[in-house]
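Only one structure is covered here, and it is reproduced in the block below.
No experiment lies behind these values; they were computed from the predicted model shown.
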Amino acid sequence: MEQRRLGPSLRVSAEGLGCMGMSEFYGASDEHEAIATIHRALDLGITFLDTADMYGPFTNEELVGRAIGGRRQEVVLATKFGNERRADGTRLGINGRPEYVRRACDASLRRLGVDMIDLYYQHRVDPNTPVEETWGAMAELVAAGKVRALGISEAAPGTIRRAHAVHPMTAVQTEYSLWTRDPEVDGVFETVRELGIGFVAYSPLGRGFLSGGIRSTDQLEPGDFRRHNPRFSEENLARNLTLVQRVEQIASDKGVTPSQLALAWVLHRGDDIVAIPGTKRRRYLEENAAAAEIELSAEDLERLDAAAPVGAAAGDRYTDMSPIHR
């Protein structure tokens with residue numbers, strides 16, 4: 001697997017693995033298969049693992065910690081804080097207060113069973129705490145040797161600049177795919193490239209929709225959060241399926257799957273971009289990993305731009321968009 005650089009010094013696999021769905025949000029989970037999937041990822045050279053304390057909540061970090069036991073040196077480990085939840089799942093809101101940052105980091109280190117987190121993200125921006133205060137506490141974690149590098153998720157360009165001024169930022173994580181091209185037009189790409197910050201694309205398969213396998217929400221398990229996602233709603237599904245059908249045709253012409261084509265497109269958007277498709281099964285992991293070898297011609301890229309232009313998807317990315325792009 002190709003290696004790419006995030007920021008000045010962090011090298012990661014061009015494709016990482018989003019581990020969220022192994023514990024929550026995408027229906028039933030199988031811990032044995034999840035751990036086997038992480039092990040298979042490492043065997044394939046996918047060494048960049050992404051989790052967060054709120055996934056589970058808390059149980060996803062514990063699962064990842066068990067999976068990397070004995071293989072820590074192979075892993076670039078990313079986790080996040082800021083979406084505060086209780087163990088019973090109750091959401092307490094977004095918390096960026098310095099005392100919470102320190103407490104959350106110590107708890108993540110314990111659950112992961114590691115001495116240092118390679119990349120520690122502020123998961124969402126707390127509107128009630130200046131980002132400078134949050135990042136001051138995060139910088140202290142770096143100085144203490146608990147964290148190697150810092151990042152932020154779903155932040156506006158101005159917030160990225162303010163945080164970066166407190167401590168150099170290694171990565172910005174934002175949703176990016178053929179049906180979510182916002183970073184191209186909202187100033188995020190321009191900002192991170194000016195400042196030398198890497199970009200991590202989460203949900204590069206459009207929460208699985210770009211695989212072409214979802215034609216109706218009836219296919220989704222009862223506990224799958226996509227049932228309540230605006231882009232999967234009845235009124236938006238038909239328009240979004242039209243977009244997927246265009247991608248499917250191009251994928252068929254190239255002899256690859258729609259998922260592979262969508263991932264290859266993200267990886268072709270710049271060598272400062274890393275994709276972290278999520279999966280909880282080995283067979284999908286292996287399909288995704290093969291996308292890193294796909295070459296896209298200028299004609300391919302033009303066809304995809306025409307098939308899925310900026311703003312093509314119908315519906316918001318989340319039911320509540322207020323925490324996004326602060």
Side-chain angles (χ1 to χ4, degrees), residues 1-22 37-52 55 60-61 64-65 67-68 71-81 108-109 112 114-123 138 141-142 146-155 160 164 167-177 183 188-189 192-193 195-205 260 262-279 284-286 288-294:
M1 177 66 64
E2 174 196 353
Q3 296 282 303
R4 294 188 173 183
R5 192 183 74 181
L6 295 176
S9 59
L10 196 64
R11 294 192 65 81
V12 302
S13 51
E15 272 188 42
L17 175 60
C19 299
M20 179 183 78
M22 296 176 178
T37 299
I38 292 173
H39 289 168
R40 182 62 178 143
L42 299 181
D43 293 341
L44 291 171
I46 297 173
T47 56
F48 185 36
L49 304 183
D50 183 272
T51 182
Y55 302 158
N60 195 243
E61 286 185 326
V64 171
I68 65 174
R71 303 186 69 171
R72 176 65 179 100
Q73 297 307 311
E74 301 175 51
V75 176
V76 179
L77 185 59
T79 192
K80 315 175 197 73
F81 75 92
S108 288
L109 288 167
L112 291 162
V114 299
D115 297 322
M116 177 183 282
I117 296 163
D118 295 307
L119 178 57
Y120 199 42
Y121 290 102
Q122 181 177 6
H123 205 166
M138 294 169 70
L141 298 175
V142 176
K146 296 180 178 182
V147 171
R148 181 178 170 193
L150 303 179
I152 201 166
S153 180
E154 294 286 7
I160 293 169
H164 185 69
H167 187 280
M169 187 179 294
T170 291
V172 169
Q173 183 179 136
T174 295
E175 184 173 349
Y176 184 55
S177 70
V188 170
F189 275 168
V192 297
R193 285 171 171 160
L195 299 176
I197 300 168
F199 184 89
V200 177
Y202 78 82
S203 293
L205 301 180
Q260 290 172 329
L263 269 176
W265 179 84
V266 171
L267 294 174
H268 275 73
R269 303 304 288 177
D271 59 12
D272 56 346
I273 295 176
V274 171
I276 52 167
T279 185
Y284 294 131
L285 173 86
E286 291 167 352
N288 292 344
E293 303 300 321
I294 295 172

Original post:
Sub-3.5 Å donor-acceptor pair from the side chain of Arg4 to the main-chain atoms of Gly270, do we have one?
Top reply: yes
Original post:
Is the shortest distance from a Lys or Arg side-chain nitrogen in Asp272 or Arg5 to a carboxylate oxygen in the other one below 4.0 Å?
Top reply: no
Subject >> side-chain hydrogen bond (donor to acceptor under 3.5 Å, both in side chains) between Ser203 and Glu175, intermediate numbers included >> reply: CA-CA 6 Å; Ser203 293; Glu175 184 173 349; 4.7 Å; no
**OP:** Please name all residues satisfying salt bridge (charged side-chain N to carboxylate O under 4.0 Å, His left out) with Asp43, sequence neighbours left out, ordered by chain then number.
**Re:** Arg71
Original post:
Do the side chain of His39 and the main chain of Ala67 share a donor and acceptor less than 3.5 angstrom apart?
Top reply: yes
Original post:
Are side-chain heavy atoms of Phe199 and Val188 found at a separation under 4.5 Å?
Top reply: yes
**OP:** Check whether any side-chain N or O of Arg193 sits under 3.5 Å from a backbone N or O of Gly196 as a donor-acceptor pair, and report yes or no.
**Re:** no
Original post:
Just wondering, more than 12 heavy atoms not from Glu293 lying within 6.0 Å of its CD?
Top reply: no
Original post:
Is it true that a side-chain atom of Ser13 and a backbone atom of Thr47 form a donor plus acceptor pair closer than 3.5 Å?
Top reply: yes
**OP:** Inspect the contact between Arg11 and Asp118 and indicate whether a charged nitrogen and a carboxylate oxygen are less than 4.0 angstrom apart.
**Re:** no
**OP:** State which residues pass side-chain contact (heavy atoms from CB on, under 4.5 Å) with Ala78; sequence neighbours excluded, sorted by chain then number.
**Re:** Phe48, Asp50, Leu119, Tyr121
**OP:** Check step by step if side-chain hydrogen bond (donor to acceptor under 3.5 Å, both in side chains) holds for Tyr120 and Arg148.
**Re:** CA-CA 8 Å; Tyr120 199 42; Arg148 181 178 170 193; over 6 Å; no
Original post:
Quick one: side chain to side chain donor-acceptor pair (under 3.5 Å) partners of Thr51, sequence neighbours excluded?
Top reply: Asn60
**OP:** Any chance you could measure Asp271, atom CG, to Glu2, atom CD, to the nearest 0.5 Å?
**Re:** 7.5 Å
**OP:** Provide the closest heavy-atom pair for His164 versus Ile197 in the form atom of the first, atom of the second, distance.
**Re:** ND1-CD1, 3.9 Å
